[in-house]
Amino acid sequence: MAYLNVNFYSEVLGMNTAMNVLLPQRTRSKIHDDPDGRNHYPVLFLLHGMSDDYTGWMRYTNIERYAEEKDIAVIMPDAGLSWYADMAQGYAYRRFIGEELVALVHRMFPGISQKYEETWITGNSMGGYGALSVGLTYPETFSKIGAIAPGCAPDGFFPGGDLCRVISRSDRFWSDIFGDLSAFKGSKNDLGALAKGIVDAKRPMPEIFQIVGTKDFFYRCNVEFRDTLHELGVNPKFVEVPEAFHAWHYWDEFIQPILNWLTAKEGA
Amino acid sequence: MAQITVNWASNIICRNMNCSVILPERATTAVPTLWLLHGMTDNHTSWMRNTSIERYAAERGIAVVMPDGELSNYADMAHGHRFYSAIAGELFDLMGGFFNLSPRREDNWIAGNSMGGGGALKIGLANPDKFSAIGCLSAGDTVFPFPGTKPGDNLEIDALLYRVYDGREIEGTEEDVLGSAKKILAEDLPAPRIFHAIGKDDFLLESAHRTRDFFTALDGNPFAYTYIEDEGAHNWAYWDKHITDFLDFAMQR
């Protein structure tokens, strides 16, 4: 496994940004005589949560060891506190990740698979929402979405919402990200609306895996999002972990069944 | 340009190694590559910190790969690691697997300063099928022993020499740099073009003259050997100025 710290310019963001990358090692001389006949490795885009940055997953979990066992590449970009949104006032992180970063990664790393069935997105907390919002905005790009303790309904944080005591931020903070807060439901930032849009347009629906602890402050919104998907005829894999709450200690565990699910062979 | 620090696992050295890479992230075709070696006391970050190499690479649309050679003299050390094999062989293959680097000989050039200049001559002439141009800045074909010194003058240098060579066979190996050049001519292999620059005030001037005298004595200048001896000394200001001269030389078609 090689670990790469990459600093690069994003045209969508209009600034330099950083990412960590884990790459299985294939040499130029050996790349064509892989015993499995596999010249490319699957790729997981792995998103961080609020208050973290692109270094979080490598610092607080064993992601490199797990990725090595699965022989996959992992791309860990940075999104600040943007909720991976195309912010009303700020940066277009959803487009950056769903469009520019995917294309850039394909150009930069020729060993990375460009196949739909080998391109996945996952994240924790805000990054779990990001994995869902990016994945459901670009359903032809990502075939599987792993959502680890995702903040499925960020409007719960808005002033007056049921989670506003968990993270207290101003109206301005949230409206800079999501625009008119009163128009959140049904908008491009509402995960249920994104999923409905895919169903209505008969676009491919990515497979979804939600995993969340029952003591997590995002537990309820995860149950509600699962029910919304059910109403749309979509059946996510849903795992609730008794007593688990919102902490890296659990996410290091949760990423493992997610990786097993992502890399499971068809029909296995 | 993307600036990348790669921590890679060397099977030859049996440990993780660092390498800096500068990459035109928007290139859609395989890019030409400068393999750029640092000198003694420096590492894989030094070219980026002491020169504007990223800007020069951006202007030319090329990648730059800067490995860490520690104090190895880019040799398969008698006491230490096999840096020559890891850098000239393993790393060259691996980076071409990671990134979209052109495998074509005419798109691969190797250069360096001081110990890295000697390393560039050594690796380039021992692998003429891989590299079409060599840039040797402020060195000769052998950095060791330092001119004007004898064993006992500098115990640190003596210890280094011992760790790198300790009586190992030189003749007929990659360490026999001028021998590699003779082999290219004798076997009619493709000859890399050589750019050699050193400042008048450089303490390695004597080493450089030895190398110059060898190449300028060859009939018909088969290595397109170009020698510059100008104002300057053994420092980063000199290398920042002359690395662009080398790139212009390497990219002449």
Worksheet item: Can you tell if the side chain of A:Asn189 reaches within under 4.5 Å of the side chain of A:Arg94, non-hydrogen atoms only?
Response: yes
Item to complete: Give, as side chain, backbone, both or neither, the part of A:Met19 having an atom under 4.5 angstrom from any heavy atom of chain B.
Response: neither
Discussion item. Taking every non-hydrogen pair under 4.5 Å, which of A:Tyr9, A:Tyr3, A:Phe109 racks up the most with chain B?
Written reply: A:Tyr3
Practice prompt. Compute the centroid of each ring, for A:Trp248 and then for A:Trp57, and state whether the two points are separated by less than 6.0 Å.
Written response: yes
Item to complete: Name the option with the most non-hydrogen atom pairs under 4.5 Å to chain A; the candidates are B:Met1, B:Met17, B:Glu25.
Response: B:Glu25
Item to complete: Walk me through it: do A:Asn7 and A:Asn16 pass the test side-chain hydrogen bond (donor to acceptor under 3.5 Å, both in side chains)?
Response: CA-CA 7 Å; A:Asn7 190 285; A:Asn16 270 23; 3.0 Å; yes
Worksheet item: Is there a donor in the side chain of B:Asn73 and an acceptor in the side chain of B:Tyr84, or the other way round, less than 3.5 Å apart?
Response: no
Discussion item. So that I can tick it off, tell me whether A:Arg95 and A:Glu100 are bridged by a salt bridge, with the cut-off set at under 4.0 angstrom between side-chain N and carboxylate O.
Written reply: no
Discussion item. Under 4.5 Å from any heavy atom of chain A, what part of B:Ala30 do you find: side chain, backbone, both or neither?
Written reply: neither
Fill in: Segment of A:Thr17 engaging chain B (4.5 angstrom heavy-atom cut-off)
neither
